[in-house]
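To start, the structure itself, in structure tokens.
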Amino acid sequence: MKEIRVCAGGACIASGAFSVRDALLKELKEKGLDGQYKIVETGCMGMCSRGPFMVVDGVVYAKLNERAVKEIVDSHLVGGKVVEKYLMALPEGQKVKEAFKEHPFFSRQVKIVTRNLGKIDPKSIDDYIDRGGYKALEKVLKEMKPQDVIEEIKNSGLRGRGGAGFPTGLKWEFAAKQKSDRKFVVCNADEGDPGAFMDRAVLEGDPHSVLEGMAIAAYAIGAQQGYIYVRAEYPLAIERLTVAIDQARRRGFLGKNILGTDFSFDIQIRIGAGAFVCGEETALMASIMGERGQPRVRPPYPVEKGLWGYPTVINNVETLANIAWIINNGWREFRKYGTEKSPGTKVFALAGKINNTGLVEVPLGITLRELIYDIGGGIPGGKKLKAVQTGGPSGGVIPADKIDTPIDYESLTALGTIMGSGGIIVLDEDDCMVDVAKFFLEFTVHESCGKCTPCREGTRAMYEILDRISKGEGTMEDIDALEELAVVVKETSLCGLGQTAPNPVLTTLRYFREEYEIHVKEKRCPAKKCRDLISYVIDPKACTGCTACKIVCPTGAIEGELNKLHYIHQDLCIKCGSCMDVCRFDAVFKVSPPIKEDEKVQSS
Amino acid sequence: MDRDKRFEALEAYMKEINYDPSMLINVLHRAQQLFLWLPKDVMEFIAQKLRIPKSKVMGVVTFYNFFSTKPVGRIQIKVCLGTACYVKGGDRVMERFLEELGLKEEGQVTPDGMFSVHAVRCVGACSMAPVVLIGDSDFYGRMSPDKVPRLVKKYKRLAEQMVKEGEPS
């Protein structure tokens, strides 16, 4: 029986993957082909902006709907003729059949962590085993001593993919050396950085790879119990993990005497409840134990005193998904990718103002330019790249003129940002750097747990200054105070949340200080984003009087009759931008500094 | 499900996990699934059954964003304000929902008890930004403020139907 693979990743589901699947089932049945084809619902195929996807005989069809499915069944499956209009196009416009091999978005990737994504049914342990799953666990249990496993991982140079980049093998070695009759392995699946969805895709698309990694880690350090701490915002990941754990137990890959050896290990899922700080390892442990998720001072580190006081190794989802591959292929093979200090690959989530949003796995050391332009397809709408934000609220912005920097842990740190978990948000000329900093500070103010003063009070004080500046009420002294405060919070906070919270402020100040100064001195927002510093106006030359903006305006601020010039009353306008969204003649535009009611503006 | 039945279901879950107090957060999730939010007597019931102080339950509930100690709408509209959604105008979508439903702020419930609007931080669907989740599973990507009125209308009809079918609130 031949396979038709349908992407059932989060974004494709949201764009209608299930109705595509149902239509496919129906069409196959109608044509009497249901005995010849098997539909496999896979994890994320990566290019979320073009979903839903379907793969038949290696041919990749994108942007599908029910009608497209009917055409493809009729033409491709029955008639043997590929339906060109649903194929993916290369950047030059040429359509390609086997996009996974031919399109640069896919062909430039190296798939280690995401090796099974888009290829297997995540609900089927047999699919995972067929592609070599649980072989590494078997090899480890039957042929290797725990110390051999640790050496292998140490040699590979694998570093923690959760953001900090601590060498994984070393962490395991520390835990293994602890003398204790109880030890734990924890998978940190609390992917809290807004803009990051790598871990989600792995958990939903290949849950067994994480379980296998955990079991190998447990064998290496001598743990009996594991926990996966997963965010409540990811119900599908929780569901797939639950199924996978149950299957692994029944097949003897988890539980007592795994694969007939005297090694026993089991895994439980713990669900988060919406607290960003729980991604910090000491807070995460508190949360697993049913407490408020507040961090504590380290040392002692979790490898010495972790859950309930016992040695605990905490690894991120992506780190764990690397493990089985390294055991199967050897550390030398792993080191063929990436750089000397940052070997291997990294999964990035491309989002924001970029054409090909989605998930990519690339060798570390690739430049941001390659990632954004060659793989990501550049910036939509002919806009200019302004900056790239990495590492979420703990990271910073990299200005457009630095995008030839290779992506590795050290280079990003030197630029003032961090690798973080892999979220890449692309910002264009319409994004204001003061606004971006304010957005992240609002986030950290909200998510600061309140235990230590620098973070609790400092982030709020920084936010207040940013708020003033964004409203045109800031002073030059404010900018200096902001910078000073940022340094203090960075140096004196208790945990990683506070220590990194100032990064968005520090990097925007470092690279875009002028933009701050324009907000202060000229009361103007160059990107026309800060709401208090802009006005919406209608260009008399372009307005056709179609009334679309008048209808959509929620506050009745727009006056005008059909076929006559429309006008926005500034005293009623709440600057929601709906008028600009609906105008088909580009007649609505923004000005900064703002204007008053009855004030005339030179049209652009 | 009437109130007593919901307490029974909650107790059954706690029994299943052997009244393990380290499972408090999972228990609270179950409780919130059953009751939509966490009324005081539900928290007291959990404290009593897991043999932990009420203050501990309250402390945990108030720490996490996911738990609500105030009533929420039966249909919850969650607007994502993660980074990708924010740079693509999620905040304006949020405002429009509040406006259309006549609500002053997020978390407030419409007088009929049917709707509340909440900001959420990244649902991991950044490629579809800006994103709105309505109820548990209705997902709307590439939103814009002008798409809001039609959605509100759709769900108001659904709300009317729910009332007609007389589901107990």
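Chain A is the first sequence line, chain B the second, and so forth, proteins listed ahead of strands; every chain is numbered from 1.
Contact count versus chain B (heavy atoms, under 4.5 Å) is highest, among A:Lys353, A:Met47, A:Arg200, for A:Arg200. The residue among B:Arg142, B:Glu100, B:Glu99, B:Lys78 with the most heavy atom pairs within less than 4.5 Å of chain A is B:Glu99. When each of A:Ser287, A:Ala275, A:Gly358 is checked for heavy-atom pairs under 4.5 Å with chain B, A:Ser287 comes out on top. Counting heavy-atom pairs under 4.5 Å between each of A:Met198, A:Glu191, A:Gln294 and chain B puts A:Gln294 at the top. Chosen from A:Leu350, A:Ile271, A:Ile425, the residue pairing most often with chain B at heavy-atom distances under 4.5 Å is A:Ile271.
The nearest pair of heavy atoms linking B:Cys126 to A:Gly195 is SG-CA, 3.5 Å. The two residues B:Met128 and A:Ala14 come nearest to each other via the heavy atoms CE-CB, 4.1 Å. Residue A:Ala273 comes nearest to B:Ile25 through the heavy atom pair CB-CG2, 4.1 Å, listed as atom of the first residue, atom of the second, then distance.
The side chain to side chain donor-acceptor pair (under 3.5 Å) contacts involving residues 434-449 of chain A comprise A:Asp435-B:Tyr86, A:Lys438-A:Asp467, A:Lys438-A:Ser470, A:Glu447-B:Asn65, where partners must be two or more places apart or lie in separate chains.
Of the two parts of A:Ile288, only the backbone, made up of N, CA, C and O, holds a non-hydrogen atom closer than 4.5 Å to a non-hydrogen atom of chain B. Proximity to chain A is limited to the side chain of B:Asn26, based on heavy atoms less than 4.5 angstrom apart. Proximity to chain A is absent for every atom of B:Asp138, based on heavy atoms less than 4.5 angstrom apart. Both the backbone and the side chain of B:Met23 come within contact range of chain A, judged by heavy atoms closer than 4.5 Å.
Residues A:Glu233 and B:Leu133 are not in side-chain contact: their nearest non-hydrogen atoms beyond the backbone lie 4.5 Å or more apart. Side chains of B:Arg121 and A:Phe276 form no contact here, defined as non-hydrogen atoms less than 4.5 Å apart.
Formation of a donor-acceptor pair under 3.5 Å by the B:Thr83 side chain with backbone atoms of A:Pro194 is found in this model. With B:Arg96 contributing its side chain and A:Pro554 its backbone, the two residues share no donor-acceptor pair below 3.5 Å.
Scanning residues 56-64 of chain B against chain A with a 4.5 Å non-hydrogen threshold yields B:Lys56, B:Gly59, B:Val60, B:Thr62, B:Phe63, B:Tyr64, sorted by number. Of all residues in residues 426-433 of chain A, those placing a non-hydrogen atom less than 4.5 angstrom from a non-hydrogen atom of chain B are A:Leu427, A:Asp431.
Residues passing the salt bridge (charged side-chain N to carboxylate O under 4.0 Å, His left out) test with B:Arg92 are A:Asp581, sequence neighbours excluded.
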